[in-house]
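Read through the structure below, which is laid out as structure tokens, and then see the notes.
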Amino acid sequence: MATLFETFEINPHLILKNRIVIPPMCQYSAKDGFANNWHLVHLGARAVGGAAAIIQEATAVSPEGRISYGDLGIWKDEHIAALKPITEFLRSQNCVPGIQLAHAGRKASTEIPWKGRKQLRPDEKNGWQTVSSSSLAFQEGEVPPLALTIAQIQEVINDFAEATRRAVLAGYEIIEIHAAHGYLIHQFLSPLINQREDPYGGSFDNRIRLLLEIVDAVKQYLTTQSLWVRISATDWAEDGWDLEQSIALCHKLKEAGVEVMDISSGGAVVHQEIKEEKNYQVPFAKKIKAQTGMITATVGLIFEPEQAEEIIKNQEADLVMIGRESLRDAEFPLNAAKKLGVDINWPNQYLRAKTNRFL
């Protein structure tokens, strides 16, 4: 059997049926943070399509933590009821439901992508004041964020903890903390953004403090759930966050109880210089896996079954995240298995289409 379709044990409570995971991809289709039929059908289709696990889009731990006014949220108990049908359906398809808990920081308060994605100022409709590690705007001309006070940082930590409590009640089995792509936690990690001169800024240990404190806070609500963290392995910019710091961070996260590192890159600053090509982020996951012994997931321009198979076969990562390609092909795992000559289970309702024979 192709290694891509071998089962994989994260822990005794979490065994994935294959190595294909759908990463978080924002849909910008919520109202006041509430999930609706779009989210159920969108995520459900990829569960039907054979994914082993799905990590729900960046779900805001507070209203001001949303990237846009269309983001999903989990900042109040009322959000739970609309999320339960999603986790129940995913589980019914032998697909593990996961959620990414997020705060966008200075990259919040934007228009939804198909309406331009520009920052919405606090005095504009659907806009609000953003916050960050320091008062540095993401792009020239934007309203600068307010630097969080120590007391406000503690509120953010509590927001992540409470969001975790709600996520567990909603039925998610994977809790992923979003510390990548230039969002709030990454804004503390990166020396290009974090200009603080207090216990949350300056040295490496100070810059990673917020993430470690969030990890510690969310663990109080976990029982059998698996804790994952997504990071940007590098800022792709001089004097920024880099792979060496990522490896050092991963050692500490492993000690703190994080089970899986979801490895991406970039997003912190506009002057980043990314060399995008097939598998361009795989080396980061490979090195972190080798240096730390952690389970790693890789993402980025992975769109061919043979490509994903080689990554797993060569032990460059333990899991492959199929993002954009899954938007083009919701049944990527089913189709990949056929292309690789692997016989896997299909939903009973689709069995008559599994072969090319007329039935």
Side-chain angles (χ1 to χ4, degrees), residues 21-44 47 53-91 95-105 107-110 112 126 128 130-131 152-181 183-186 210-211 213-230 258 262:
V21 178
I22 307 300
M25 291 182 286
C26 292
Q27 299 297 296
Y28 306 101
S29 300
K31 185 174 182 180
D32 191 29
F34 284 92
N36 54 47
N37 286 342
W38 175 266
H39 303 94
L40 174 61
V41 173
H42 163 68
L43 297 173
I54 296 175
I55 311 299
Q56 180 178 292
E57 67 182 78
T59 304
V61 300
S62 62
E64 63 274 13
R66 293 173 294 173
I67 301 168
S68 79
Y69 56 87
D71 287 21
L72 281 177
I74 194 165
W75 64 79
K76 54 187 176 182
D77 288 354
E78 289 79 1
H79 285 139
I80 296 172
L83 296 171
K84 280 187 174 180
I86 295 174
T87 62
E88 290 170 357
F89 184 81
L90 267 57
R91 197 174 292 108
C95 177
V96 178
I99 185 171
Q100 185 184 71
L101 303 181
H103 191 305
K107 295 178 77 173
S109 188
T110 66
I112 56 179
N126 295 320
W128 59 87
T130 62
V131 297
Q152 290 170 330
I153 288 173
Q154 297 308 307
E155 291 175 6
V156 169
I157 295 168
N158 185 66
D159 287 341
F160 272 91
E162 283 296 295
T164 301
R165 176 183 64 80
R166 297 183 188 105
V168 170
L169 290 174
Y172 293 96
E173 297 177 39
I174 296 170
I175 308 297
E176 179 173 274
I177 297 171
H178 196 0
H181 299 164
Y183 296 119
L184 182 64
I185 298 174
H186 191 179
L210 173 61
L211 175 54
E213 289 183 350
I214 288 173
V215 166
D216 186 60
V218 305
K219 286 194 302 182
Q220 66 183 299
Y221 293 113
L222 303 181
T223 53
T224 61
Q225 295 78 22
S226 182
L227 182 58
W228 299 19
V229 173
R230 171 171 266 195
V258 174
D262 179 0

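Along the sequence shown, the residues carry numbers beginning at 1.
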Interatomic distance, [X] atom [atom1] to [Y] atom [atom2] [nearest 0.5 angstrom]:
X	Y	atom1	atom2	answer
Leu184	Leu211	CG	CG	11.0 Å
Leu72	Leu83	CG	CG	7.0 Å
Glu173	Thr224	CD	OG1	7.0 Å
Lys107	Ser68	NZ	OG	13.0 Å

[X]: which residues meet the side-chain hydrogen bond (donor to acceptor under 3.5 Å, both in side chains) condition with it, sequence neighbours left out?
X	answer
Tyr69	Glu111
Glu88	none
Gln154	Tyr200
Glu57	none

So, [X] side chain and [Y] main chain: donor-acceptor pair closer than 3.5 Å or not?
X	Y	answer
Asn36	Ser29	yes
Arg91	Gly171	yes
Ser109	Thr130	no
Thr87	Tyr172	no
Glu213	Leu210	no

Reference residue Leu101; test side-chain contact (heavy atoms from CB on, under 4.5 Å); the match among Asp159, Ile214, Val61: Val61

Identified side-chain contact (heavy atoms from CB on, under 4.5 Å) partner of Trp228 from the options Val258, Ile55, Ile177: Ile55

Student check: side-chain heavy atoms of Glu155 and Ser62 closer than 4.5 Å: no

Side chain to side chain, Ile175 and Val218, heavy atoms closer than 4.5 Å: no

With sequence neighbours excluded, tell me which residues meet ring-ring contact (aromatic ring centres under 6.0 Å, His included) with [X].
X	answer
His39	none
Tyr183	His178
Trp128	none

Pair Val131-Gln152, side chain to side chain contact (heavy atoms under 4.5 Å, CB included): steps then yes or no: CA-CA 10 Å; Val131 297; Gln152 290 170 330; 5.7 Å; no

Mind listing the closest non-hydrogen atom pair of [X] and [Y] along with its distance?
X	Y	result
Ile74	Ala167	CD1-N, 3.6 Å
Gly65	Ala60	C-CB, 3.9 Å
Pro24	Ala58	CB-N, 4.0 Å
Ala179	His186	O-CB, 3.6 Å

side-chain contact (heavy atoms from CB on, under 4.5 Å) partners of [X], counting only residues at least two apart:
X	value
Ala47	Ile54, Leu90, Gln93, Cys95
Leu40	Ile86, Phe89
Asn37	none
Pro63	Arg66, Trp75

Qualifying salt bridge (charged side-chain N to carboxylate O under 4.0 Å, His left out) pairs, either residue in residues 69-86, two or more places apart: Asp32-Lys76, Asp77-Arg165, Asp77-Arg166

Thr164/Gln220 under side chain to side chain contact (heavy atoms under 4.5 Å, CB included): CA gap, chis, key distance, verdict: CA-CA 9 Å; Thr164 301; Gln220 66 183 299; over 6 Å; no

